[in-house]
Amino acid sequence: MPLPGTVTNPPVLGPTPNLGPVAVVQESIIPTQPPLSLWEFLPERTSLVLQGNSYGCVMATGEITVAAQPTGGAEGSDLAIFNGESIGPGAGLNGGPGKTYIIDRVFAFINVTAAAATQLSIIGQIIPAIPLEAGPADTATILRWSLSGRRKTYLGKGALVAAAAGALITTQPTAVDSKWFIMGSSSIGTGTANVGTSVSAECYGRYLVPPGCYFAMNVITGTATGAAGGFIGFEWHEVQLQLPA
Amino acid sequence: MPLTLPAVGMSNVGATPNLAPPAIQQVGIVPTQPPLQYNQYLPERTNLVLQGNSYGCILATGLTSVALQPTTLSDLAIFNGEPIGGAGSSEPGAVGGGPGKTYIIDRVFGFLNAAAAAVTQLSLVGQIIPAQPLEAGPSDVTSILRWSLSGRRSTYTGKAALVTNVTTQPTAVANKWFILGSSAASGGAASIGTAVEANCYGRYLIPPGAYFSLTGIVGTAVASSMFVGFEWHEVQLPLPA
């Protein structure tokens, strides 16, 4: 048994890959293609984010939170993303040559004190591709960033849209009444000074947004915050996936 | 056999061992998988959702929440209406699964959409109800909202029957409910938006002929307030005897 730190030249890619820490030390000098052992040791999302097409976004200005599930014709979103990648055969329903967006984490927080102690929940909705519908214009003020820290600007084709102050998005996307699903468990703002009440929900890549499709979000509170009270954001990966028929 | 690793950006790697579970390979899902490097790097659920048979559902109208563990009442339940085989089981459909797909319950959630009279909390309870030999499934309640997690389908194309607010089909067993997730509390009597999410990690399997039932519990009951839903994957699994 070599002493810790001893270089013994194990056959990293041989019949039995050496998965021990010594192999990691040896091969970590390879700048662009770490060996299998290192890939296996990386945190869950690192290899994917390393591809350079992973982003996050958050609303630049807050929005009034809603004190009920959006229903009754104003099935509005506060923040949504449209996948503006090229649509292939199947008018988007089969994906296409463009990248699919993988929604990986969503979050929201309250930034204005409410009139009473309240709770905060996040709701989301997947809105399937609508053939031949032109996507909305991107709202450039919505803040976005590269998760790999390598890009200063967003280079993808997603169109992010946010509600106007005190309003909801009711078209592009047009969400469906009551079809919102909860994302994460609710959090409580203790007392009326509930600034900083937040929710973060891991999605585990469960929600796919192919070209032509939308992902929409909103938040629910027991006591509506004042104007600019609710901030919403999410993180996603853009990957060219071969969607089966 | 030596292990090889594709360079980043390459399409596929030939003889590289396929890391998918053998059971999945048997049913022909493998050919549609993306290149190996993405299989390895994608978030946990993406490759499964990519197959196109993953769905979510939620009640379209809220139910009166119950302030006690339910006995036979299910707020929302799903019946697996896939063909029953009996492969590997002496009790048709009960254990062995069959030629039809098994439903993998992956995430459940619930929330309150009407205010209670007092500060309250919300919990979710579930129950697996095994396949009942020769029992015909219930009729699907089409008003229960459902969606594709891959965003590719506007309608549900599976064979599940979703039912709501029922005490038969399924008939749950008193006290056999298990908690899903931890409870959430409201900040005040204005309890709208109190929500619970529980990731199940594919822990609950519903073979053809079986049910999964979901119900909410609150401290202070409110009419029309309880909304529950869940997400599931439909996969053809060779369940052992």
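Each chain gets a letter, A, B and so on, in the order the sequences are listed, and its residues count up from 1. Below, each value reflects all heavy atoms present in this structure, side chains not excepted, and no hydrogens, waters or symmetry copies.
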Going through the distances and angles, do A:Gln125 and B:Trp147 end up as a side-chain contact (heavy atoms from CB on, under 4.5 Å)? CA-CA 9 Å; A:Gln125 189 166 146; B:Trp147 56 88; over 6 Å; no
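Within the 4.5 Å cutoff, the side chain of B:Phe111 has no heavy atoms near those of the A:Gln119 side chain. Residues A:Asp104 and B:Thr46 have side chains not in contact (no heavy-atom distance under 4.5 Å, counting atoms from C-beta outward). Within the 4.5 Å cutoff, the side chain of B:Pro43 has heavy atoms near those of the A:His237 side chain. For the pair A:Tyr207 and B:Arg45, the minimum side-chain heavy-atom distance is 4.5 Å or more. Between A:Ile188 and B:Ser186 there is no side-chain heavy-atom pair separated by less than 4.5 Å.
At least one donor-acceptor pair under 3.5 Å links the side chain of A:Lys179 to the backbone N or O of B:Arg146. Looking only at distances, no side-chain donor or acceptor of A:Ser186 sits under 3.5 Å from a matching main-chain atom of B:Thr194. Checked by atom type and distance alone, the side chain of A:Ser47 never pairs as donor or acceptor with a backbone atom of B:Tyr41 at under 3.5 Å. No side-chain donor-acceptor contact under 3.5 Å links A:Ser185 to the backbone of B:Val196.
Shortest non-hydrogen contact noted between B:Ser148 and A:Ile126 is O-CD1, 3.7 Å. Nearest heavy-atom pair across B:Arg107 and A:Met183 is NH1-CA, 4.0 Å. Across all their heavy atoms, B:Gly151 and A:Cys213 have their closest contact at O-SG, 3.6 Å. Considering all non-hydrogen atoms of both residues, B:Leu145 and A:Asp177 come closest at CD1-O, 3.6 Å.
For A:Ile182, the parts lying under 4.5 angstrom from a heavy atom of chain B are both the backbone and the side chain. With a 4.5 Å cut-off on non-hydrogen atoms, A:Ala116 does not touch chain B at all. In this structure, chain A has heavy atoms under 4.5 Å from both the backbone and the side chain of B:Leu149.
Looking only at heavy-atom pairs under 4.5 Å with chain B, the residue among A:Thr223, A:Val209, A:Thr221 that has the most is A:Thr221. Contacts with chain A were tallied for B:Gly188, B:Gly62, B:Ala185; B:Ala185 has the most, counting heavy-atom pairs under 4.5 Å. When the candidates B:Ser182, B:Gly229, B:Ala189, B:Ser191 are compared by the number of heavy-atom contacts under 4.5 Å with chain A, B:Ser191 comes out ahead.
Once rounded to the nearest 0.5 Å, the distance linking CD1 of B:Ile192 with OG1 of A:Thr118 reads 9.0 Å. Atom-to-atom distance recorded for B:Ser150:OG and A:Leu241:CG is 10.5 Å, nearest 0.5 angstrom.
Using a cut-off of 4.0 Å between Lys/Arg side-chain N and Asp/Glu carboxylate O, B:Glu44 and A:Arg45 are scored as salt-bridged.
Using cut-offs of 30° and 60° for the angle between ring planes, the B:Tyr201 and A:Tyr204 rings count as perpendicular.
Crowding of A:Glu44 atom CD: a count of heavy atoms from other residues, nucleotides or ligands under 6.0 Å not exceeding 12.
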